[in-house]
Undergrad: 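Got a structure for you, written out below as structure tokens; questions coming shortly.
Each chain gets a letter, A, B and so on, in the order its sequence line appears, and its residues count up from 1. A quick note: this is a predicted structure, and the numbers were derived from the prediction, not measured.
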Amino acid sequence: MINLDHLNDQQRAAVTAPLGQVLVLAGPGSGKTRVLTQRIAYLIEGMGVRPHNILAVTFTNKAAREMQHRLQSLLGDDGEGVWLGTFHANCARILRREAQYLSFDNNFVIMDSDDQQALVKRAIRELNLDEKLYRPTSIHAAISTAKNNLITPADFPTQSYRDEITKRIYERYQSLLRDSNAVDFDDLLLETVRLLVDNPHVRERYARRFEHILVDEFQDTNLVQYELLKLLASIHGNLFVVGDEDQSIYRWRGADYRNMLRFEQDFPACQKILLEQNYRSTQTVLDAARAVIDRNKHRTRKHLFSERGAGERLVLYEAVDEHAEAAFVVDTIQQWVNSGKARGSDFAVMYRTNAQSRLLEEAFLRAGLPYRLVGALRFYGRREVKDLICFLRLVHNPDDEVSLARVINVPPRGVGEKTMVALQLAARQAGLSAGQLLIELGEKGEQSAHWGRFSGRSILPLADFGSQLAGWRRAVAEGLSLPGLFDRILLDTAYQEYIDDGSNEGKERWDNVQELRRLAYEFREGGLTAFLENLALVSDQDTLPEEAGNAATLLTLHAAKGLEFRFVFIIGLDEGLLPHARSKDDPEEMAEERRLLYVGITRAKDRVYLVRAHQRSQYGGPEIQEPSRFLEDLPESLIQRQGQRRHREVWESPESRALRSRVLSPNHRPASAALIEPRFHPTDRVRHPVWGEGIVMESRIQDGDETVDVFFESVGFKRLVASLANLEILPKG
DNA sequence: GAATTCCACGTTTTT
DNA sequence: CGTGGAATTC
Ligand SMILES: Nc1ncnc2c1ncn2[C@@H]1O[C@H](COP(=O)(O)OP(=O)(O)OP(=O)(O)O)[C@@H](O)[C@H]1O
């Protein structure tokens, strides 16, 4: 039987709530996720619910993994079988099983963002539209928004000519996807909803199966997801959702925190449970967070208190530029670690945009401090990695036109635009996909009825590639393992010779290939399908090695949601970055930026460092930065400034700065070596060269130095600056 | 058809 | 600044 002792009354009420709908509405650190996890354990151990009758949904893979861990430690193997994952992963799982009802078959591929972009572009070209006028990025965004709101091409509202065009592109894009036997991320949700709506018996099967559905971070559901939940819960109606409107940060993805209100309206019988105690942060951290979020309109204020004590003020550090910003972070962490008071893994550095991680990484590397970078799909963005993934995708699903277009000429085998057009034309005439036609050419050679459709010059490389592809597919059908396939592709295409030209970059490219092979090896059991699905859905990974478990974490504010750390650095607190420039015109977006900062601050258990830079090189030239408007909302009483003040700044020309940093690197340290905590503490006995012995009354960090109040036996009370006063600490006793 | 050079471009956040 | 795409040359 599970143990409910380490829950407070409200939490326990939530965990053991009777059947029906439950809405847990509570601020950060109040144990929402803990309650949700305990609820699952309670259902299984206490109520005898079988794991596979439980569906638990999270928004990010990280959150899913985290919950998996917590469940594992709570239940051990008894938790096996729970459908736990992101909306997208759970939907993909359903779609693969039910492919017979769908417009694609069960070896469909999931197109990643790049692929989607490429397909939109292709759709635009095929319709002979001007890419300048109809930017693939913005059209894609429009399509995605539509999908998130359950709008199919047929329903797409056409109020303007532009809408008309967008609708046409949307239609074409969908048919390109289906021709490739592919779906995009949004389709995973949309098609699942459609599946359940159009096929009542399928809906019934799943709705019957999922006796209990639990959703974390419910404030970030969008319309499709909400619909999906209602469909899946349509028989048992046991919906357990937890959330906090103030932490809604996915508006741009269609999320609508008002789903929390909608939930109450749609399920009037729902039980609403509030949690009020924060177990994570000190009161000071909570006060600061509240000061930030209180400025948002239309929010239901929540009581939240902490018994962890007042704690320390938030540190605000204003660096000269982004290099000094990164150096401050690294220095401070290093000092804490050296002092023995913290481990590297106690720290997280959070930022608004992934681009900000670059300088941090460099600084960490220079200092020899281990770090873990979350997200930033750099590895998968690499050309060589993408190429190989496309080969694999093609083996898995030869209809995948995007992958084919990408690798048909890799390494260069003489297939250019002309040949490609000819291939597509011939394929259309033959009623096959380009990939199928290639395979046929490869298998039958000159016997193929389609051989004659090509010129003598183009047919050879095509047939050559076709026979490779056919060979790979045959090998897989005959049981070749995933790593085996991987090696065979490398061998057949002479890939190493192609990318590894002996240069450093070549070496690095080959290393990346090896890394991908290592990943493939981990999927030797699951096989190609599982591997590809994982690449598409879980590529936010901590696949990169975790350094000895002692690494600081670098991540975006979005990725930080749901996590907690003793020490949190939030960098880039400048106008334009946080809040981001693109949000400044829309009050709703601005409110979301504020929530983002709120989320960041509330990740901290003990200490928060807010960091900004007076000057940043955006692209090219340096630009003066204004402090983030959010900083103004933090009362001085909660803030401790560290380092130089703005009025002390001396303007420095870019040239001289560049020179200086060249001279000082790689061990460049900011002048304001970060002082992290007082050397002196109340009751310490100290000796001053002039005034003799005294007792420390108080000490605090101010402007990067320490101010100490001492009561001397000879002269009484004195306020001293530690770095100047030459005070000596005397042993106690 | 491939390789190289040049130029304009744009930049949030995640599945 | 670095990328992606187009124009240019081989
Ligand atoms: N009753 C409790 N006693 C002790 N610690 C608790 C209790 N409830 C929660 N905690 C701890 O408080 C911290 C925050 O819990 P949790 O992550 O579940 O909160 P949350 O509400 O999901 O937070 P957020 O919304 O910020 O993600 C965790 O470290 C958790 O272990």
Side-chain angles (χ1 to χ4, degrees), chain A residues 57-64 85-92 110-118 121 125 131-132 135-138 141 144 147-148 183-190 217 220-222 224-225 248-255 322 350-359 374-378 380-383 408-421 457-458 461 533-541 555-561 572 576-584 586 589-590 592-593 595-597 599-600 616-623:
Chain A
V57 196
T58 62
F59 278 83
T60 64
N61 296 297
K62 248 179 315 306
T86 61
F87 269 106
H88 293 84
N90 283 315
C91 285
I110 300 164
M111 295 273 172
D112 68 25
S113 313
D114 281 353
D115 305 328
Q116 292 171 33
Q117 200 76 16
K121 194 174 278 184
R125 284 191 187 156
E131 276 171 69
K132 295 265 143 49
R135 288 234 171 63
T137 343
S138 79
S144 179
K147 288 185 173 184
N148 282 323
V183 298
D184 65 15
F185 291 125
D186 304 316
D187 280 341
L188 290 171
L189 308 176
L190 189 58
E217 311 280 11
D220 276 323
T221 44
N222 62 30
V224 194
Q225 291 161 341
S248 170
I249 53 176
Y250 286 102
R251 205 183 96 90
W252 48 276
R253 215 169 79 178
E322 68 270 38
M350 305 175 185
Y351 35 81
R352 179 66 231 271
T353 69
N354 281 306
Q356 291 171 268
S357 67
R358 263 235 160 80
L359 285 172
V374 175
L377 356 107
R378 247 175 265 165
Y380 297 97
R382 294 240 156 76
R383 203 186 65 227
I408 193 167
N409 202 32
V410 174
R413 48 166 66 84
V415 181
E417 200 187 340
K418 291 254 170 57
T419 310
M420 206 52 203
V421 170
R457 178 128 167 256
S458 60
E533 182 153 319
N534 196 264
L535 289 179
L537 252 30
V538 196
S539 59
D540 90 333
Q541 92 298 128
L555 75 185
T556 62
L557 287 161
H558 284 90
K561 192 166 66 157
L577 220 41
L578 184 62
H580 197 273
R582 288 184 66 129
S583 302
K584 73 170 188 300
D586 180 345
E589 302 255 299
M590 188 52 79
E592 181 148 312
E593 298 284 322
R595 292 195 291 268
L596 214 36
L597 176 58
V599 167
R616 285 175 199 280
S617 314
Q618 304 278 59
Y619 339 77
E623 277 173 30

Undergrad: So A/F59 and A/Y250, would you call those rings parallel, tilted or perpendicular, with 30° and 60° as cut-offs?
TA: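 Aromatic pair A/F59/A/Y250 classed parallel.
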Undergrad: A/R125 side chain: which of B/dT14, C/dA6, B/dA2 is closest?
TA: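 Among B/dT14, C/dA6, B/dA2, the one nearest the side chain of A/R125 is C/dA6.
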Undergrad: Give the rounded distance in Å between these two atoms: NZ of A/K132 and P of B/dC9.
TA: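 That distance rounds to 7 Å.
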Undergrad: Measuring from atom OG1 of A/T556 to atom CD1 of A/I249, what distance do you get when rounded to the nearest 0.5 angstrom?
TA: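 Spacing of OG1 (A/T556) from CD1 (A/I249) equals 8.0 Å.
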Undergrad: Select from A/S458 and A/H558 the residue whose nearest nucleotide in DNA chain B is closer to the 5' end of that strand.
TA: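 Checking each residue's closest nucleotide, the 5'-ward one belongs to A/S458.
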Undergrad: Return yes if some donor-acceptor pair links the side-chain N/O of A/N61 with the main-chain N/O of A/L537 below 3.5 Å, else return no.
TA: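 Yes; at least one donor-acceptor contact below 3.5 Å.
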Undergrad: How many Å lie between CG on A/L557 and P on B/dT13, as a whole number?
TA: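 My rounded result for the distance is 11 Å.
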Undergrad: Quickly work out the A/E417 CD to C/dA7 P distance and round it to whole Å.
TA: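 Checked: the CD to P distance equals 12 Å.
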Undergrad: Taking 4.0 Å as the cut-off, does a side-chain nitrogen or oxygen of A/N409 come that near to OP1 or OP2 on B/dA2?
TA: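 Yes, because at least one side-chain N or O of A/N409 sits under 4.0 Å from OP1 or OP2 of B/dA2.
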Undergrad: Between C/dG4 and B/dT13, how far apart are the two C1' atoms, rounded to whole Å?
TA: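 Their C1' atoms lie roughly 22 Å apart.
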Undergrad: Roughly, in whole Å, what's the span from CD1 in A/I408 to C1' in B/dA2?
TA: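 Nearest whole value for this atom pair: 16 Å.
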Undergrad: Checking contacts here: which listed nucleotide (B/dT13, B/dG1, B/dT15) is nearest the side-chain heavy atoms of A/K418?
TA: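 Of the options given, the side chain of A/K418 lies nearest B/dG1.
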Undergrad: Rounding to an integer number of Å, can you tell me how far A/L535 CG sits from B/dT15 C1'?
TA: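 In whole Å, B/dT15 C1' lies 14 Å from A/L535 CG.
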Undergrad: Phosphate oxygens OP1/OP2 of B/dT14: is one of them under 4.0 Å from a side-chain N or O of A/N61?
TA: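 False: A/N61 side-chain N/O out of range (4.0 Å or more) of B/dT14 OP1/OP2.
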Undergrad: Once you round it to whole Å, what is the distance between P of B/dT15 and CD of A/E217?
TA: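 Distance, rounded to whole Å: 13 Å.
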Undergrad: Output yes when at least one side-chain N/O atom of A/N222 is less than 4.0 Å from OP1 or OP2 of B/dT15, else no.
TA: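 Looking at the OP1 and OP2 atoms of B/dT15, neither is under 4.0 Å from any side-chain N or O of A/N222.
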Undergrad: Restricting to non-hydrogen atoms, name the atom on A/G414 and the atom on A/T419 that form the minimum distance, rounded to 0.1 Å.
TA: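 In terms of heavy atoms, the two residues are closest at O-OG1, 4.2 Å.
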Undergrad: Mind checking if A/R616 touches a base, just sugar-phosphate, or nothing, with heavy atoms under 4.0 Å?
TA: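 It contacts nothing in the nucleic acid.
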Undergrad: Take the protein atom CD of A/E623 and the nucleotide atom P of C/dC1, then report the distance between them rounded to whole Å.
TA: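 Rounded to whole Å, this separation is 13 Å.
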Undergrad: If I take atom CD in residue A/Q225 and atom C1' in nucleotide B/dT15, what distance separates them, rounded to the nearest angstrom?
TA: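 A/Q225 atom CD is separated from B/dT15 atom C1' by 9 Å.
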Undergrad: Would one find a side-chain N or O of A/S113 under 4.0 angstrom from OP1 or OP2 of B/dT14?
TA: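 No, A/S113 has no side-chain N/O under 4.0 Å of OP1/OP2 on B/dT14.
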Undergrad: Flag as yes if A/F59 stacks onto the base of B/dT14 (centroids under 5.5 Å, planes under 30°), otherwise no.
TA: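 The ring of A/F59 is not stacked on B/dT14.
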Undergrad: Do the side-chain N or O atoms of A/T419 get closer than 4.0 angstrom to the phosphate oxygens (OP1, OP2) of B/dG1?
TA: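 Affirmative; the distance criterion is met.
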Undergrad: Ignoring hydrogens and angles, tell me if any N or O in the side chain of A/E623 forms a donor-acceptor pair with the backbone of A/Q618 under 3.5 Å.
TA: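 No, the answer is negative, given that no donor and acceptor are paired below the 3.5 Å cut-off.
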Undergrad: Would a 4.5 Å heavy-atom cut-off, applied to side chains only, mark A/L577 and A/Q356 as touching?
TA: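 Yes. Closest side-chain heavy atoms under 4.5 Å.
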Undergrad: For A/R135 and for A/V415, find the nucleotide of DNA chain B with the closest heavy atom, then tell me which residue's nucleotide is more 5'.
TA: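 Checking each residue's closest nucleotide, the 5'-ward one belongs to A/V415.
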Undergrad: Heavy atoms only, 4.0 Å cut-off, all strands: where does A/F87 land among base, sugar-phosphate and nothing?
TA: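 If one applies the 4.0 Å heavy-atom cut-off, A/F87 turns out to touch nothing in the nucleic acid.
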Undergrad: Tell me whether the side-chain N/O atoms of A/K121 come closer than 4.0 Å to OP1 or OP2 in C/dG5.
TA: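 So the side-chain polar atoms of A/K121 do come within 4.0 Å of the phosphate oxygens OP1 or OP2 of C/dG5, strictly under.
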